[in-house]
Amino acid sequence: MDFDLFVIGAGSGGVRAARMAAAKGVKVAVVEDAPLGGTCVNLGCIPKKLYSYASSFPAHFSSSEGYGWSHVESSLDWELLKKNRAIEIKRLNGVYANLLKNSGVVLIEGRGSLVDKNTVKVGDKTYTVKNILIATGGWPSVPDISGKELVITSNEIFDLPVFPKRLLVVGGGYIASEFASIFNGLGAKVIQLYRSEKILRGFDEDLRDFLSQEMIKHGVDIRVNSDVAKIEKTANGLLVTLKDGQTEEVDQVLYATGRVPNTKGLNLDAVGVKTNKKGQIEVDKNYTTSVESIYALGDVVGHLELTPVALGEAMTVVDYLFGDKKRQMSYDNIPTAIFTTPNAATVGLTEEQAREQYGEVLIFKSEFKALKHTLTGKTERTLMKMIVDKASDKVVGIHMVGDDAGEIIQGFAVALKAGATKAIFDNTIGIHPTAAEEFVTMRTPVEG
Ligand SMILES: Cc1cc2nc3c(=O)[nH]c(=O)nc-3n(C[C@H](O)[C@H](O)[C@H](O)COP(=O)(O)OP(=O)(O)OC[C@H]3O[C@@H](n4cnc5c(N)ncnc54)[C@H](O)[C@@H]3O)c2cc1C
Ligand SMILES: NC(=O)c1ccc[n+]([C@@H]2O[C@H](COP(=O)([O-])OP(=O)(O)OC[C@H]3O[C@@H](n4cnc5c(N)ncnc54)[C@H](O)[C@@H]3O)[C@@H](O)[C@H]2O)c1
């Protein structure tokens, strides 16, 4: 056998699994045909967060005036932003290369495909391997609309040759909402189209309502119950005709309508690796596919398409294959943030899920103007919501819309994971003056 573990895809999950396995002293290879680090490093979390920071500055400039600073005139140098982003991503690609090299993983450049349950092919070379791990991630999916060839996805948006002054974003999920906020903050006129009545399906209803209102206040033109009929090229840009007959001329149309598992060319069928209706690879709780020596994790499996989830799954697979098999991946209380303006973040159950699961629940809610904005003159507000199971007093869900929501909810996620009760929250001393202290000072339920 050439290798004990052969990983296909050097993204979040693949690199973590390869490094952890190599640290156990086994022979590991990883194959990749794109820059190291996968979606998160190259086309996802990291460049997205950098652009989100970039988009936040105009609001800081205008907020500063209430604090006595003179008016700031500034404009965006799109070329410089792209260049600096590319330099940082290249640095991260190098960090990943070193991590793999220093842990003894053999990096093979190319595209991997399965030959049989113990053989992988890259170009014209084949490798015999004991175990195969498929960590090939996902790819944006665009529905079949007239003019599909004219639209862009999150893959292209970071490097557009010309800054889109007028951007139409289609979709109501994480990516659509985040990029609508980012380009609005960067100075574009942004329309976000969503086909149903409220963006961010699956999140707590109060969070959805509140975030939509705040995004609109910030300038995003969110249009719900609306969809594209066709897109045509004009002399000045793209003419979008909506299903209700209205038209909009924009510079770019970003489709953020979900992602599909990246399984093209892997030869799954021939080897007998089963996929479900969505094309995701089917795995058991140890991430074993329908073929016993082949494993899969991360977005290609699609339990939850988040980087920390892919990392957690990677460590679980490695423990199962080369460790003491004690590690279990739990999908309960996984915190997540949406990097819109303002940020939104959540851990645990929505109110609807909590009522379904626990029956009687207490709802604590606080909506306020953050201290910072008492002098900025801005109307933006913060939402904090906590859901408590009445019978056990356990806190089962926390939701926030406001500055640094992701940073705040990460800490409270530990409390939820530990099974903290509302009494423990009440016994915790706040840090004053912060927004986060509100979560330990909410005393009277608004419902329940
Ligand atoms: C715009 C955007 C923003 C995001 N923001 C966040 C965020 O803020 N926080 C968060 O937690 N998650 C975020 N995500 C999701 C996150 O990026 C993914 O959940 C994560 O990258 C999944 O990791 P993975 O290892 O499964 O796949 P990936 O990171 O996608 O890695 C898969 C790798 O496999 C390679 N590959 C595919 N096929 C082959 C083949 N046949 N041979 C060789 N190599 C192959 C690909 O080139 C790629 O490098 C974002 C995603 C997007 C698109
Ligand atoms: N901050 C983060 O952690 C973060 C950021 C970005 C992405 N992600 C991950 O990546 C995944 C993919 O993101 P996404 O935003 O592409 O997917 P998504 O599933 O979150 O949202 C897709 C959106 O497109 C809409 N849609 C689907 N088909 C459509 C069609 N034919 N016409 C019009 N609208 C349509 C859906 O109703 C939904 O609103 C997310 O689920 C998330 O797990 C995470």
Side-chain angles (χ1 to χ4, degrees), residues 6-18 30-49 51-52 93 96 108-114 120-123 133-145 153-155 157-158 169-179 182 192-196 198-203 224 226-228 243 254-268 281 296-311 313-314 334-340 343-346 406:
F6 195 101
V7 182
I8 308 182
S12 305
V15 168
R16 177 61 64 91
V30 58
V31 60
E32 176 61 77
D33 68 344
L36 296 179
T39 305
C40 187
V41 168
N42 296 287
L43 297 166
C45 333
I46 303 297
K48 180 272 308 284
K49 190 84 190 271
Y51 280 19
S52 171
N93 298 146
Y96 272 72
I108 299 167
E109 276 179 43
R111 216 163 165 78
S113 63
L114 306 176
V120 179
K121 191 168 177 227
V122 181
L133 176 63
I134 304 172
T136 50
W139 201 252
S141 126
V142 179
D144 274 325
I145 36 134
T153 70
S154 59
N155 282 356
I157 194 140
F158 295 109
V169 179
V170 184
Y174 280 87
I175 296 181
S177 306
E178 290 184 339
F179 282 106
I182 289 170
Q192 181 178 358
L193 281 195
Y194 182 50
R195 60 182 174 176
S196 296
K198 213 188 280 180
I199 61 168
L200 292 164
R201 192 159 69 91
F203 285 87
V224 293
S226 186
D227 209 347
V228 171
K243 283 193 174 153
L254 169 70
Y255 259 79
T257 44
R259 293 170 61 84
V260 289
N262 205 352
T263 54
K264 214 166 126 196
L266 281 177
N267 210 20
L268 296 182
I281 297 180
L297 57 75
D299 283 8
V300 77
V301 166
H303 286 152
L304 257 181
E305 293 167 40
L306 298 173
T307 281
V309 171
L311 301 180
E313 292 176 347
I334 290 179
T336 179
I338 312 153
F339 296 102
T340 39
N343 284 187
T346 176

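Counting starts at 1 for both ligands and their atoms, following the listed order. Count residues from 1 along the sequence.
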Between Tyr174 and ligand 1, find which residue part has any heavy-atom pair under 4.0 Å and reply side chain, backbone, both or neither.
neither
Check Pro140 against ligand 2 and report side chain, backbone, both or neither, counting heavy atoms closer than 4.0 Å.
neither
Contacting atoms of ligand 1, where contact means under 4.0 angstrom from a heavy atom of Gly11:
25 (O), 29 (O), 31 (O), 33 (C)
Under 4.0 Å between a side-chain nitrogen and a carboxylate oxygen: does that hold for Arg195 and Asp227?
no
Minimum-distance protein heavy atom relative to atom 21 (O) of ligand 2:
Gly173 CA, 3.4 Å
For atom 17 (O) of ligand 2, the closest protein heavy atom turns out to be Gly258 CA, 3.5 Å
Could a heavy atom of Pro47 be found less than 4.0 Å from some atom of ligand 1?
no
Do any N/O atoms on Val300 end up under 3.5 angstrom from N/O atoms on ligand 1?
no
Considering the heavy atoms of Gly298, write down every atom of ligand 1 situated less than 4.0 Å from one of them.
26 (O)
For ligand 1, which atoms sit closer than 4.0 Å to a heavy atom of Cys40?
17 (O), 21 (O)
heavy-atom search around atom 7 (C) of ligand 2 in the protein gives Ile175 CG1, 3.4 Å
Closer than 4.0 Å to some heavy atom of Arg259 - which atoms of ligand 2 meet that?
12 (C)
Any idea which atoms of ligand 1 are less than 4.0 Å away from a heavy-atom of Thr307?
10 (C), 11 (O), 12 (N), 16 (C), 17 (O), 18 (C), 19 (O), 20 (C), 21 (O)
Just go through Asp299, Ile46, Asn155 and tell me whose heavy atom is the nearest to atom 22 (C) of ligand 1.
Asp299
Give me the one residue out of Asn262, Thr39, Thr153 that meets side-chain contact (heavy atoms from CB on, under 4.5 Å) with Trp139.
Asn262
Per-residue contact class, Thr136 against ligand 1 - non-hydrogen pairs under 4.0 Å:
both
Students should be able to answer this: which protein heavy-atom is nearest to atom 13 (C) of ligand 1, and at what distance?
Cys45 SG, 3.3 Å
Return the residue, atom name and 0.1 Å-rounded distance of the protein heavy atom closest to atom 4 (C) of ligand 2.
Tyr174 CD2, 3.2 Å
Please work out, at 4.0 Å between heavy atoms, whether the side chain, the backbone, both, or neither of Lys48 comes within that distance of ligand 2.
side chain
Within-cut-off N or O pair, Val170 and ligand 2, under 3.5 Å
no
Gln192 side chain to Val169 backbone, donor-acceptor under 3.5 Å:
no
Which atoms of ligand 1 have any heavy atom of Asn262 under 4.0 Å away?
37 (C)
Does any N or O atom in Glu32 lie less than 3.5 angstrom from one in ligand 1, N or O only?
yes
So is Tyr255 touching ligand 2 or not, going by heavy atoms under 4.0 Å?
no
Should the proximity of Leu266 to ligand 1, defined as any heavy atom under 4.0 Å, be assigned to the side chain, the backbone, both, or neither?
side chain
Could you tell me which atoms of ligand 2, counted from 1 in the order shown, lie closer than 4.0 angstrom to a heavy atom of Gly172?
23 (C), 38 (C), 39 (O)
Shortest non-hydrogen contact from Asn93 to Leu36?
ND2-O, 2.7 Å
At a non-hydrogen distance cut-off of under 4.0 Å, which region of Ala256 contacts ligand 2 (side chain, backbone, both, or neither)?
backbone
Counting from 1, what ligand 1 atoms have a heavy atom of Ala34 closer than 4.0 Å?
47 (O)
With Val7 as partner, the option from Thr136, Val30, Val31 fulfilling side-chain contact (heavy atoms from CB on, under 4.5 Å) is Val30
Where is the nearest protein heavy atom to atom 36 (C) of ligand 2: which residue, which atom, and how far?
Arg195 NH2, 3.8 Å
Counting heavy atoms only, which part of Ala135 comes closer than 4.0 Å to ligand 1: side chain, backbone, both or neither?
backbone
Does Thr39 reach ligand 1 with a nitrogen or oxygen that is under 3.5 Å from one of the ligand's nitrogen or oxygen atoms?
yes
Which is it for Leu306 and ligand 1 at heavy atoms under 4.0 Å: side chain, backbone, both or neither?
both
Check ligand 1 against Val31 and write out every atom of the ligand that is under 4.0 Å from a heavy-atom position of the residue.
43 (C), 44 (N)
Proximal ligand 1 atoms for Gly110, defined as those under 4.0 Å from one of its heavy atoms
43 (C)
Kindly indicate whether the side chain of Arg259, heavy atoms from C-beta on, has any atom under 4.5 Å from the side chain of Ile175.
yes
Shortest heavy-atom approach to atom 8 (O) of ligand 1 - which of Lys48, Lys264, Arg111, Glu178:
Lys48
N/O donor-acceptor pair under 3.5 Å between Glu305 side chain and Asp299 backbone
no
Interatomic spacing from CZ in Phe179 to CG in Leu254 - rounded to 0.5 Å
7.0 Å
Any idea which protein heavy atom is nearest atom 41 (N) of ligand 1, and the distance to it?
Gly112 O, 3.0 Å
Decide whether an N or O pair under 3.5 Å exists between Leu306 and ligand 2.
no
Please state which protein non-hydrogen atom is closest to atom 11 (C) of ligand 2 and give its distance, to 0.1 Å?
Glu305 OE1, 3.3 Å
Would you say Pro308 contacts ligand 1, with heavy atoms under 4.0 Å as the rule?
yes
Per-atom filter on ligand 2: closer than 4.0 angstrom to a heavy atom of Pro143 are 30 (C), 31 (N)
Which bit of Lys49 is near ligand 1, meaning a heavy atom under 4.0 Å away: side chain, backbone, both or neither?
neither
The closest protein heavy-atom partner of atom 2 (C) of ligand 1 is Gly44 CA, 3.4 Å
Identify, by atom number and element, the atoms of ligand 2 in contact range of Phe339, meaning under 4.0 Å from any of its heavy atoms.
1 (N)
Do me a favour and list the nearest non-hydrogen protein atom to atom 27 (O) of ligand 1 with residue, atom name and distance?
Gly137 CA, 3.2 Å
